Amino acid sequence: MAAERLSRATVAEAALRLGDTEGLDAVTIRRLAQALGVTPMALYWHFKNKDELLRGILDHALTDVRADRSAADPWQKQLRAMVEVLVDVFRRHPVLPALLHSVDKDEVSSFTRATEDTLALLAQAGFDVREGYWIGSYLLHGAIGLVDAQPEVPDAMPAAEGREWRRQRRVELECLPADTFPMMVQFGATYAGEPDVERYYTFGIDLLINGVEASVPPTS
């Protein structure tokens with residue numbers, strides 16, 4: 001890619017892809033310049049150092065995680081939509097959890113905006129701002145946990161490898177002593193069919209949002 005055609009967004013997107021395929025440690029100005037076919041100096045126009053680059057990647061990745069302030073939808077529906085987008089982002093970009101722990105999120109504008117939107121929605125529900133912040137953290141880490149804990153098969157695994165992975169997992173569980181672990185043996189049988197990954201995520205997001213709804217302060 002010619003240096004004159006680079007933008008902050010295209011550089012951040014390329015860095016995101018590099019992190020997804022090779023891990024966060026691979027994301028350096030020099031390595032990214034090699035991937036883009038430019039000199040490191042061409043990237044310094046957009047990001048002056050690695051820390052700024054990492055913040056830029058996160059800012060780019062979270063661009064669409066926000067509430068629609070013009071919508072008439074109730075807070076629950078808007079909050080769920082934000083969580084759905086967040087889960088989708090984590091599914092597409094496995095580098096993001098490590099990235100979240102590597103940067104100062106308060107310096108990432110899209111993260112701050114998403115937090116602001118979340119606090120505003122939760123204020124509508126009756127939570128105070130401190131409770132809203134706790135809930136926002138719960139939803140963020142819940143979204144990460146859903147993706148990390150996907151049970152039927154790792155999300156990035158090719159289909160053929162996934163079938164073999166499930167076969168081995170089924171054998172492992174069904175070989176447990178049935179008198180000691182009857183439920184685990186029963187669960188092992190579920191690996192015989194194709195996984196319903198989308199149902200898993202829908203169910204998981206339901207749990208997250210239902211937990212928030214169940215904690216809404218009673219109205220006086």
Side-chain angles (χ1 to χ4, degrees), residues 16 20 55 57-156 169 183-184 186-191 193-220:
L16 186 57
D20 286 336
R55 291 194 296 271
I57 298 170
L58 186 60
D59 188 43
H60 175 72
L62 299 180
T63 297
D64 294 329
V65 183
R66 66 172 307 159
D68 183 351
R69 293 187 182 279
S70 67
D73 291 332
W75 67 267
Q76 299 96 321
K77 187 172 182 179
Q78 293 194 59
L79 187 65
R80 183 189 180 93
M82 290 185 70
V83 174
E84 288 173 341
V85 173
L86 187 61
V87 168
D88 180 66
V89 169
F90 285 133
R91 291 178 68 183
R92 289 186 287 112
H93 300 297
V95 73
L96 287 183
L99 186 57
L100 279 164
H101 288 96
S102 300
V103 304
D104 183 351
K105 295 183 287 294
D106 291 336
E107 296 185 13
V108 178
S109 60
S110 62
F111 185 89
T112 303
R113 186 192 62 232
T115 304
E116 173 71 20
D117 287 352
T118 301
L119 292 174
L121 290 173
L122 293 168
Q124 292 178 28
F127 296 101
D128 66 38
V129 70
R130 180 178 294 174
E131 292 169 337
Y133 195 85
W134 293 340
I135 293 168
S137 179
Y138 157 78
L139 293 173
L140 172 64
H141 290 92
I144 294 172
L146 273 177
V147 178
D148 284 347
Q150 182 176 307
E152 279 85 358
V153 64
D155 208 23
R169 180 67 172 150
M183 298 308 296
M184 292 300 294
Q186 182 178 333
F187 176 67
T190 67
Y191 284 92
E194 289 296 313
D196 191 346
V197 175
E198 298 312 314
R199 179 170 178 258
Y200 162 76
Y201 281 108
T202 298
F203 186 83
I205 293 171
D206 283 344
L207 287 177
L208 292 173
I209 299 301
N210 289 345
V212 177
E213 290 188 279
S215 302
V216 171
T219 55
S220 57

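As the structure is a prediction and not an experimental result, all values here were calculated from the model. This chain uses plain numbering: 1 for the first residue, then up along the sequence.
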Only pairs at least two apart or in different chains count here, so list each salt bridge (Lys or Arg N to Asp or Glu O under 4.0 Å) that has a residue in residues 123-136.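 For residues 123-136: none.
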Atom [atom1] in [X], atom [atom2] in [Y]: separation rounded to 0.5 Å?
| X | Y | atom1 | atom2 | answer |
| --- | --- | --- | --- | --- |
| N210 | I205 | CG | CD1 | 11.5 Å |
| R169 | T190 | CZ | OG1 | 9.0 Å |
| I135 | I209 | CD1 | CD1 | 10.0 Å |
| R66 | T115 | CZ | OG1 | 12.0 Å |
| F90 | D148 | CZ | CG | 9.0 Å |

More than 12 non-hydrogen atoms from neighbouring residues, nucleotides or ligands closer than 6.0 Å to CD on E213, yes or no?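 Yes, because the 6.0 Å sphere around CD of E213 holds more than 12 heavy atoms from other groups.
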Check this for me: Y138, atom OH, are more than 12 non-hydrogen atoms of other residues, nucleotides or ligands nearer than 6.0 Å?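 More than 12 heavy atoms, drawn from other residues, nucleotides or ligands, come within 6.0 Å of this atom.
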Would a distance-only check, ignoring hydrogens and angles, find a side-chain to backbone donor-acceptor pair under 3.5 Å from [X] to [Y]?
| X | Y | value |
| --- | --- | --- |
| H141 | S137 | yes |
| D59 | R55 | no |
| T63 | H60 | yes |

Tell me the closest heavy-atom pair linking [X] and [Y], and the distance in Å.
| X | Y | result |
| --- | --- | --- |
| M82 | A67 | SD-N, 3.7 Å |
| L139 | L86 | O-CD2, 4.5 Å |
| D106 | T112 | O-OG1, 3.6 Å |
| V87 | A143 | CG2-CB, 3.7 Å |
| D20 | H93 | OD2-ND1, 2.6 Å |
| W75 | A125 | CE2-CB, 3.2 Å |

Answer yes or no: is there a side-chain heavy-atom contact under 4.5 Å between [X] and [Y]?
| X | Y | value |
| --- | --- | --- |
| V197 | R91 | yes |
| L140 | T118 | no |
| L146 | Y200 | yes |
| L16 | L96 | yes |

Chi angles and distances behind the side-chain contact (heavy atoms from CB on, under 4.5 Å) call for L100, I144: CA-CA 10 Å; L100 279 164; I144 294 172; 3.9 Å; yes
Distance alone, cut at 3.5 Å: any donor-acceptor contact between the side chains of Y201 and E84?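 Distance-only check fails for Y201 and E84.
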V212, V85, D206 screened by side chain to side chain contact (heavy atoms under 4.5 Å, CB included) with R80, the one that passes: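 So, applying the side chain to side chain contact (heavy atoms under 4.5 Å, CB included) to R80 and each of V212, V85, D206, only D206 qualifies.
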